[in-house]
Amino acid sequence: MTLAEARERVAVLQRTLAYHNHRYYVQDDPEISDAEYDRLFHELLALEERYPELRSPDSPTQRVGAPARADFGPVAHGQPMLSLANAFTESDVEDFDKRVRERLGRSAIPYVAEPKLDGLAISIRYEDGRLVQAATRGDGAVGEDVTGNVRTIRTCPLKLTARRVPGVIEVRGEVYLPKAGFQELNARQEAQGLKAFANPRNAAAGSLRQLDPAITAGRPLRLFCYGVGLIAGWEEPLVSQEALLTWLRALGLPVNPDWSLVTGAEGCLAYYREIADRRKDLPYEIDGVVYKVNHFDDQRALGTLARSPRWAVAHKFAPEEALTQVRAIEVQVGRTGALTPVAVLEPVMVGGVTVSHATLHNPEELARRDVRVGDTVRVRRAGDVIPEIAGVVREQRPEGIRPFAFPTQCPACGAPVLREEGVVARCAGGLACPAQRRQSLRHFASRRALDIEGLGDKLIEQLADAGRVVTVADLYSLTRDELARYERMGERSADRVLKSLARSRTTTLARFLYALGIPEVGEATALALARHFGDLEPLMAADEEAFMAVPDVGPVVARALQTFFAEAHNRSVIAALRRAGVHWEPVAAIATQGGPLAGKTVVLTGVLSDMTREEAKAALQARGAKVAASVSRQTDFVIAGRDPGGKVDKAREWGVPVVDEARLRAWLNE
Ligand code: IVH
């Protein structure tokens, strides 16, 4: 094929693929099979590989499919989402009841006792009976928009079923994975060579916070409702928690049937014991029970503290423990070279999960606890905490076993181990250490970072150990032939990796920042940074003080950021990534942040009574919304005036919320 012929074919393929991409992702109406699409895609990929000058930035190979969502937009809760104070012992519960009695000046207080599900708190907003928005708790005042994902929960009604429903209601509840669903999901994860989730709570949170609702839809999530936030357009007074639970059911919402109306501390404790007995047989995981003063008048009289109400308490189960033996102590090398001792255990069930490893944190902690190979230890799991060793059973220590000698050389590369600030032991090898290279690649490719499918542990290990991929930027120069030659790889796997690499070039600033693996910068911080700075240049130019202006960034994180970006090596990796085509849309920065419209894609239709379409558009844009001409899967909501027409039908068909002009006005006034 001559260059001219190639040029022509590339143009045809690019156009054809873009068309089918649109049919598939935007119109939801594919014309060709996935296999046919893949064939065309690979033909283009191969041509662009051979003639890199023909690869344009808008080629479909540079943007495989539309990302489901750049990130989760913020949602301001109509009423704050509070959390609960904890009680651990019977006397804590008695004290709670005593405080309630004293404040109310009465005895024999009625409480509603409920199981405390171990899931993720959610607020679901219904307007005129239609589900319009769902948000996580976030900091209690502002959560993350997970509407698309919550809509996939099969037990969550999209429409309330009662004849009369409030104009607006924020329903509060817990999204969780039933025990059976958790096992099923983990079996599937393992079959696909993916990591199993540590517990149902992590699995539920991970499933709900998927940028692609299609993934959430494949997870067996469930919902139980136990409260309300804002209610408007409803005249009948709600008198008690008992009445509320009954009403929620009547509205068609799922309510856990295992609640009970009890009296006084004694009634609470009897309920606790009963549930503790049944805990193993319940179809869902719980970490305690909750007691709520039943009457709302009493709740109001008691009031709330900063973060939790005085009228409720969570009575937690003691963390579960089990005895097992330490088979070995391994020292793992992290992405930044930190060495973590890990106890390899005789597998044991703790609280419904098999535990085979427990972290020993750092050399100092290991020495303090004096855990030795051969010891019998108590392993503990509490909530979503990584399993830990609660203690060594000294009486059972076999004779002659010695304290663990912490290595003075990195177990992966032999470089000296440095001790920093007392507790951290670090391999001095930097990127010369294959273990560090592997970890940073693994992190970069992980689902929540650049999500490079097909770049599994085995391949990473080979690439890192061979020195072929030293920094993450080297990934983008891999070729098909070369990849296909690695162990357990073939042309198909090579293509898959190349396709994911191509797709990963289009990302978001938040993901990119997270993927860099900056110490102290997790997903939430990356998102906050992206929102605050909008793009990478201002962020890289910032100093510690500027970083501290970002919500939740304190001196430690600011310091880590400053250090990271000051490092010439890191700057050059970032530059190489950008040269390789990694890019993102700048985020609309702070000015347009925070409101209910920020970052939303909206479509206007119909005639508005107090403003023109252009005025509405400008007002929406000024608040950070994107105004699109037609309804697609990316639309957050449609604003419908009089005589709206086809767009509303389309919206309904795709489950995109439709709001009226009154709602728009309310948002604009917020
Ligand atoms: S009531 C002010 N009821 O526990 C009322 N919470 O530790 C706040 N939870 O964030 C919540 N089951 O995620 C309530 N039956 C239940 C619950 C429950 C689980 C969770 C919820 C909350 C956390 C507080």
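Every value quoted in this text rests on a predicted model; they were computed, and no experiment measured them. Both backbone and side-chain heavy atoms feed into the values below; hydrogens, waters and symmetry mates do not. Whatever order the structure lists them in is the order used to number ligands and atoms, beginning at 1.
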Quiz item: N/O of S83 under 3.5 Å from N/O of ligand 1, yes or no?
Solution: no

Quiz item: Can we call the ring centroids of F547 and F533 under 6.0 Å apart?
Solution: yes

Self-check item: Numbered atoms of ligand 1 (with element) below 4.0 Å of A121, judged on heavy atoms
Solution: 10 (O), 13 (O)

Quiz item: In the protein, what heavy atom is nearest to atom 7 (O) of ligand 1, and what distance, to one decimal place, separates them?
Solution: K116 CE, 3.4 Å

Self-check item: Nearest neighbour in protein (non-hydrogen) for atom 3 (N) of ligand 1
Solution: K292 NZ, 3.0 Å

Practice problem: Could you check atom 5 (C) of ligand 1 against the protein and tell me its nearest heavy-atom contact, residue, atom and distance included? | Solution: L84 CD2, 4.0 Å

Quiz prompt | Option nearest atom 12 (N) of ligand 1 (shortest heavy-atom distance, choices L117, V112, T136) | solution = L117

Practice problem: Look at the aromatic rings of Y111 and F96 and report parallel, tilted or perpendicular, splitting at 30° and 60°. | Solution: tilted

Quiz item: Any side-chain heavy atom of W234 within less than 4.5 Å of one from I169?
Solution: no

Quiz prompt | N149 (side chain) donor-acceptor with L208 (main chain) under 3.5 angstrom | solution = yes

Quiz item: For ligand 1, is there an atom lying under 4.0 Å from some heavy atom of P115?
Solution: yes

Quiz item: ligand 1 and W311, any nitrogen or oxygen pair closer than 3.5 angstrom?
Solution: no

Self-check item: side-chain contact (heavy atoms from CB on, under 4.5 Å) assessment of L251 paired with Y126
Solution: CA-CA 11 Å; L251 289 174; Y126 289 88; over 6 Å; no

Practice problem: Test side-chain contact (heavy atoms from CB on, under 4.5 Å) on K159 and V165 and set out the steps. | Solution: CA-CA 10 Å; K159 254 186 90 176; V165 298; over 6 Å; no

Self-check item: Ligand-side contact atoms (ligand 1) for residue partner L82, heavy atom cut-off under 4.0 Å
Solution: 2 (C), 8 (C)

Quiz item: Does CD in E266 sit with more than 12 non-hydrogen atoms of other residues, nucleotides or ligands closer than 6.0 Å?
Solution: no

Exercise. Write out the residue and atom name of the closest protein heavy atom to atom 11 (C) of ligand 1, then the distance separating them to 0.1 Å.
Key: Y226 CE1, 3.9 Å

Quiz item: Given the rule in the side-chain contact (heavy atoms from CB on, under 4.5 Å) test, do T216 and V146 qualify, once you have shown the distances and angles that lead to the verdict?
Solution: CA-CA 10 Å; T216 310; V146 286; over 6 Å; no

Quiz item: Are Y176 and F224 near enough that their ring centres are under 6.0 Å apart?
Solution: yes

Quiz prompt | Identity and distance of the protein heavy atom lying nearest atom 15 (N) of ligand 1 | solution = E114 OE1, 2.7 Å

Quiz item: Does even one non-hydrogen atom of R172 get within less than 4.0 Å of ligand 1?
Solution: no

Exercise. Show which atoms of ligand 1 fall inside a sub-4.0 Å distance from at least one heavy-atom site of P309.
Key: 2 (C)

Quiz prompt | For atom 9 (N) of ligand 1, closest protein heavy-atom neighbour | solution = E174 OE1, 3.5 Å

